[in-house]
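Some notes on the structure that comes next.
These numbers come from the heavy atoms of this one structure, side chains and all, not from hydrogens, waters or symmetry mates.
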Amino acid sequence: MFQRLREDIACILERDPAARSAWEVLTCYPGLHALMMHRCAHWFWVRGFRWLGRFTSHIGRFLTGIEIHPGATIGRRFFIDHAMGVVIGETAEVGDDVMLYHGVTLGGRSLERTKRHPTLEDGVTVGAGARILGPIVIGAGAQIGANSVVVRDVPAGAVVVGVPGQVRERAAAKADPYDVWADPEIYI
């Protein structure tokens, strides 16, 4: 448990230039607090304590402004930057090294009790306010632009912008995930 927490803190320190210390991250980052609450809620959920999982999730939402259903599966080194208003549905699956900005929704488009939320593979970055809806797959390393609405599968390494989300290009292998937003041409 403490190893995962150290890993999460290191991930935030690496990805957020505003983070100045591990203590600051531990005490002042609601994305980290929501993730910690989710791990607890998910532990209850998968062991059949469904009400306790939902209640723990509800407390986490009240405290952080981030709603992660206890049934959602979240990978390692997951970071929600600025955090407020994020919603992650019950059957969502989030891979390792995924980064979301504030206001992102990983939502469903069906009332059936089946897989109805998206799967984000490893290394995906999702911009502020984006909506990813339905049982679709966002391929590894894909980047979803701010306020995009994505309802179809996205290939690995793609850059998606717009409403509805359109693949604009393949993302080059970049060490800095912020580089993709530097080109104003992709907003046209």
Side-chain angles (χ1 to χ4, degrees), residues 1-47 49 51-90 92-107 117-132 138 140-147 171 173-182:
M1 180 174 92
F2 290 110
Q3 177 59 32
R4 288 286 294 269
L5 182 58
R6 277 193 287 272
E7 191 176 68
D8 292 331
I9 291 170
C11 160
I12 293 169
L13 287 168
E14 176 185 317
R15 294 182 189 176
D16 186 356
R20 288 169 177 67
S21 70
W23 179 248
E24 178 185 11
V25 169
L26 183 62
T27 58
C28 300
Y29 275 64
L32 178 64
H33 302 152
L35 181 58
M36 291 167 38
M37 293 292 290
H38 169 72
R39 286 191 183 132
C40 205
H42 186 71
W43 189 91
F44 290 133
W45 186 265
V46 298
R47 284 161 182 76
F49 301 103
W51 179 86
L52 196 51
R54 286 298 298 257
F55 187 70
T56 303
S57 172
H58 181 71
I59 291 169
R61 182 181 76 167
F62 175 78
L63 294 173
T64 66
I66 301 163
E67 182 173 347
I68 306 175
H69 191 285
T73 304
I74 308 288
R76 299 175 79 102
R77 297 172 303 277
F78 176 60
F79 176 37
I80 308 173
D81 197 8
H82 300 288
M84 188 59 99
V86 169
V87 176
I88 300 175
E90 177 183 12
E93 298 172 52
V94 178
D96 297 338
D97 303 305
V98 170
M99 183 169 169
L100 306 182
Y101 288 87
H102 58 282
V104 168
T105 299
L106 304 181
H117 298 94
T119 297
L120 278 59
E121 293 182 345
D122 297 345
V124 170
T125 301
V126 182
R131 307 293 185 244
I132 303 175
I138 308 301
Q143 297 172 339
I144 309 300
N147 294 312
K174 296 179 182 178
D176 182 359
Y178 296 100
D179 277 354
V180 70
W181 314 118

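Minimum interatomic distance between D16 and Y29 (heavy atoms only, all atoms of both residues): OD2-OH, 2.8 Å. Contact between M37 and I59 at its shortest, heavy atoms only, is CE-CG2, 3.8 Å. Considering all non-hydrogen atoms of both residues, S57 and A41 come closest at N-CB, 3.9 Å. Here the closest heavy-atom approach between residue A19 and residue V25 is recorded as CB-CG2, 3.8 Å. Here the shortest heavy-atom pairing between A83 and G31 reads CB-N, 3.7 Å. Shown here for F79 and C11, the closest heavy-atom pair between the two residues is CB-SG, 4.1 Å.
The CG atom of D97 sits 5.0 Å away from the CZ atom of R15 when rounded to the nearest 0.5 Å. Distance check: L32 CG to I12 CD1 gives 4.5 Å after rounding to the nearest 0.5 Å. R39 contributes atom CZ, which lies 15.0 Å from atom CZ of F44 (distance to the nearest 0.5 angstrom).
For T56, the side-chain hydrogen bond (donor to acceptor under 3.5 Å, both in side chains) test picks out no residue, with sequence neighbours left out. For A22, the side chain to side chain contact (heavy atoms under 4.5 Å, CB included) test picks out I9, L13, with sequence neighbours left out. Residues satisfying the side-chain hydrogen bond (donor to acceptor under 3.5 Å, both in side chains) test with E7, not counting sequence neighbours, are R76, R77. Legend: residues meeting ring-ring contact (aromatic ring centres under 6.0 Å, His included) with H42, ordered by chain and number and at least two apart, are H38. Residues passing the side-chain hydrogen bond (donor to acceptor under 3.5 Å, both in side chains) test with E121, sequence neighbours excluded: none. By the side chain to side chain contact (heavy atoms under 4.5 Å, CB included) test, T64 is found to be paired with P30, H33, A34, I66, residues two or more places apart in sequence or in another chain being considered.
The only option from I132, I68, I138 that meets the side-chain contact (heavy atoms from CB on, under 4.5 Å) definition with L106 turns out to be I132.
At least one side-chain heavy atom of L35 sits less than 4.5 Å from a side-chain heavy atom of F78. Put simply, the side chain of L26 reaches to within 4.5 Å of the side chain of L5, judged on heavy atoms.
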* Apply the test side-chain contact (heavy atoms from CB on, under 4.5 Å) to residues T119 and V94: give CA-CA distance (whole Å), side-chain angles for both, the deciding distance (0.1 Å), then the verdict. => CA-CA 6 Å; T119 297; V94 178; over 6 Å; no
* Start with the C-alpha gap between L100 and I88, add the side-chain angles, then the distance that decides, and say whether side-chain contact (heavy atoms from CB on, under 4.5 Å) holds. => CA-CA 11 Å; L100 306 182; I88 300 175; 4.1 Å; yes
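Side-chain atoms of D122 come within 3.5 Å of backbone atoms of D96 as a donor-acceptor pair (strictly under, hydrogens ignored). Here the side chain of T125 pairs no donor or acceptor atom with the backbone of M99 at under 3.5 angstrom.
Listed by first and then second residue, the salt bridge (charged side-chain N to carboxylate O under 4.0 Å, His left out) pairs that reach into residues 55-69 are R61-E67, sequence neighbours excluded. For residues 54-75, the pairs satisfying ring pair (Phe, Tyr, Trp, His ring centres under 6.0 Å) are W45-H69, W51-F55, with sequence neighbours left out. Among pairs with a residue in residues 17-31, none fulfils salt bridge (charged side-chain N to carboxylate O under 4.0 Å, His left out), at least two apart in sequence or across chains.
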